[in-house]
Amino acid sequence: MRVVVVLLVVLTVPLMAGSYRLLSDTLDLEVGTYRFIKFRVSPEMSDSTVITGEFKTEPLPAKIEFILISELDYIRGWEGRGEIDTLGVVYAEHGPLLMEITDFGDFVLVVSNRGNTDAVSIVADLSVSYKGSGIMYDSLPFGLTLLMSILATGVVVGAVLITFKRMSSNK
């Protein structure tokens, strides 16, 4: 199973056109505690988006839980108002991490130490990778340039017509 995950990571990461670092740090988690990482996936980044990377835990064997939820579900769960829809869960000791993100929006990745009897340190290097440039095309600058060009042309044509009219009436 791990060989398949490693092959998927190795094959999918080079195909990705863009990425940004989600976490590159060591997290110390006491028993029953968690850390959360908020991040955003814009519509331009939502094509084949995945969380990829490597992590390891100390001391071994200590399994860590990675839970992907929307930010709205995180707030709902924190306030105790309704059900939480998890988008992805990985429960492992160490190795590669691959979680698919199927939509765009604001997300929270929860790194949890529930189920262990001791404190755990996690060394993680995680990124969000996606196809495409991730750059949103903004038509406003082009539209404003076109509008200003049309207005300038209209002012020049109007000035020329007024000048010709006045010159022809003076004769």
Side-chain angles (χ1 to χ4, degrees), residues 1-2 4-58 62-116 118-145:
M1 178 65 182
R2 290 187 187 253
V4 172
V5 172
V6 171
L7 282 174
L8 282 173
V9 170
V10 169
L11 293 175
T12 58
V13 170
L15 296 175
M16 299 298 164
S19 69
Y20 61 89
R21 183 153 329 276
L22 187 60
L23 173 68
S24 183
D25 202 359
T26 301
L27 303 174
D28 295 318
L29 296 174
E30 295 297 322
V31 175
T33 61
Y34 69 93
R35 299 284 188 274
F36 65 93
I37 302 131
K38 290 183 179 183
F39 64 99
R40 174 171 286 165
V41 175
S42 68
E44 295 75 27
M45 298 177 191
S46 64
D47 184 16
S48 303
T49 308
V50 292
I51 297 174
T52 60
E54 293 276 334
F55 73 97
K56 68 178 183 174
T57 60
E58 295 174 358
K63 289 190 175 184
I64 294 299
E65 190 173 28
F66 293 92
I67 306 167
L68 179 65
I69 57 178
S70 70
E71 186 177 24
L72 183 61
D73 281 333
Y74 179 78
I75 292 168
R76 251 191 254 145
W78 186 258
E79 295 174 350
R81 296 186 190 170
E83 296 181 16
I84 297 174
D85 183 23
T86 57
L87 303 173
V89 176
V90 172
Y91 191 67
E93 289 179 12
H94 63 278
L97 177 71
L98 180 67
M99 294 180 87
E100 185 178 356
I101 304 172
T102 58
D103 205 359
F104 60 90
D106 295 323
F107 297 95
V108 174
L109 181 65
V110 177
V111 183
S112 172
N113 183 20
R114 65 180 180 174
N116 292 317
D118 294 319
V120 176
S121 288
I122 304 154
V123 179
D125 187 20
L126 306 176
S127 299
V128 175
S129 302
Y130 50 89
K131 284 186 180 178
S133 66
I135 300 171
M136 182 171 66
Y137 174 71
D138 188 8
S139 62
L140 187 59
F142 174 75
L144 286 175
T145 302

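The figures that follow rest on heavy atoms only: side chains count, while hydrogens, waters and symmetry mates do not. Given the structure is predicted, the values throughout are model-derived calculations rather than measurements.
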Point-to-point distance, once rounded to the nearest 0.5 Å, from [atom1] of [X] to [atom2] of [Y]:
| X | Y | atom1 | atom2 | result |
| --- | --- | --- | --- | --- |
| Ile51 | Leu68 | CD1 | CG | 5.0 Å |
| Ile75 | Ile84 | CD1 | CD1 | 11.0 Å |
| Lys63 | His94 | NZ | NE2 | 11.0 Å |
| Ser127 | Glu54 | OG | CD | 11.0 Å |
| Thr49 | Phe104 | OG1 | CZ | 11.0 Å |
| Leu29 | Asp118 | CG | CG | 13.0 Å |

Is there a donor-acceptor contact under 3.5 Å from the side chain of Thr57 to the main chain of Ala62?
yes
May I ask you to decide if Ile69's main-chain N or O and Asp85's side chain share a donor-acceptor pair within less than 3.5 Å?
no
Heavy-atom check, side chain of Ile64 versus side chain of Asn113, under 4.5 Å:
yes
Leu126 and Phe66, any side-chain heavy atoms less than 4.5 Å apart
yes
Where [X] and [Y] come nearest, the two heavy atoms and their spacing:
| X | Y | answer |
| --- | --- | --- |
| Tyr130 | Met45 | CB-O, 3.2 Å |
| Met99 | Leu109 | SD-CD1, 3.9 Å |
| Ser24 | Arg21 | CB-CD, 3.2 Å |
| Glu30 | Thr33 | O-OG1, 2.7 Å |
| Lys38 | Val108 | CG-CG2, 3.9 Å |
| Glu65 | Tyr91 | CB-CD1, 3.7 Å |

Taking the six-membered ring for Trp, are Tyr34 and Tyr74 parallel (under 30°), tilted (30 to 60°) or perpendicular (over 60°)?
perpendicular
Does Ile101 form a side chain to side chain contact (heavy atoms under 4.5 Å, CB included) with Phe39? I'd like the steps, not just the answer.
CA-CA 12 Å; Ile101 304 172; Phe39 64 99; 3.7 Å; yes
Can you tell which of Asp28, Asp25, Val111, Leu23 makes a side-chain contact (heavy atoms from CB on, under 4.5 Å) with Ile122?
Val111
